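Reviewing the structure listed below.
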Amino acid sequence: MIPVEIFDFSSTQYALIWSALALLVLLLCLRPPASLTLISNAQGELRISRLALHRLIENCCEQLRGVATARASVGRSRGKFTVNLRLTVRPNAKLDAIQGYLTQEVGEIFKENLGVGEIGRVQVKVVGVRRDPASF
């Protein structure tokens with residue numbers, strides 16, 4: 001038989017347990033959706049998964065010679081898509097040219113590939129420098 005003292009909590013402990021459970025439920029409800037709705041009209045809607053959108057933008061970034069790796073994050077604010085790019089660049093990279101090119105290319109991806117007319121800000125952040133691969 002289980003002793004009664006094991007379940008003997010004070011009112012403060014009960015409040016902490018219920019608060020933790022409520023916070024967990026709130027965090028699960030506020031989690032961003034796994035896919036984004038690009039277009040919604042009478043004929044239907046066009047959705048793309050966040051992961052697919054991130055990979056599409058990352059592949060565009062990594063095609064540049066000065067970019068070693070890229071990580072993209074896409075969100076929606078006030079009806080516009082905002083894109084955050086974290087880049088690891090090579091030592092010979094021209095950062096201002098990369099930023100201008102990526103802003104233009106990301107805008108074209110949204111307009112031409114996804115059919116989205118307007119996007120918000122494209123923020124580029126350089127988080128590291130990787131040396132060029134050794135050549136023979």
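Computed from a predicted model, the values in this text were never measured in an experiment. Sequential numbering from 1 along the given sequence is applied to the chain's residues.
Between Val122 and Phe81 the shortest side-chain heavy-atom distance does not fall below 4.5 Å. Leu64 is listed as a side-chain neighbour of Leu102, based on a closest heavy-atom distance under 4.5 Å. When side chains are defined from C-beta on, Cys60 does not count as touching Val106, because their heavy atoms never get closer than 4.5 Å. Between Arg130 and Val89, every side-chain heavy-atom pair lies at or beyond the 4.5 Å cut-off.
Taking 4.0 Å as the cut-off between side-chain N and carboxylate O, Glu58 and Arg55 count as a salt-bridged pair.
The line from CZ of Arg121 to CG of Asn84 is 9.5 Å long, rounded to the nearest 0.5 Å. Separation of atoms OG (Ser73) and NZ (Lys125) is listed at 12.0 Å; rounding is to 0.5 Å. For the atom pair Arg65 CZ and Lys94 NZ, the distance stands at 10.0 Å (nearest 0.5 Å). To the nearest 0.5 angstrom, Leu16 atom CG is 10.0 Å from Ser11 atom OG.
Other residues, nucleotides and ligands place more than 12 heavy atoms under 6.0 Å from the CZ atom of Arg47. Taking a 6.0 Å sphere around CZ of Arg50, one finds it holds more than 12 heavy atoms contributed by other residues, nucleotides or ligands.
Of all heavy-atom pairs spanning Arg90 and Val67, the tightest one is NH2-O, 4.3 Å.
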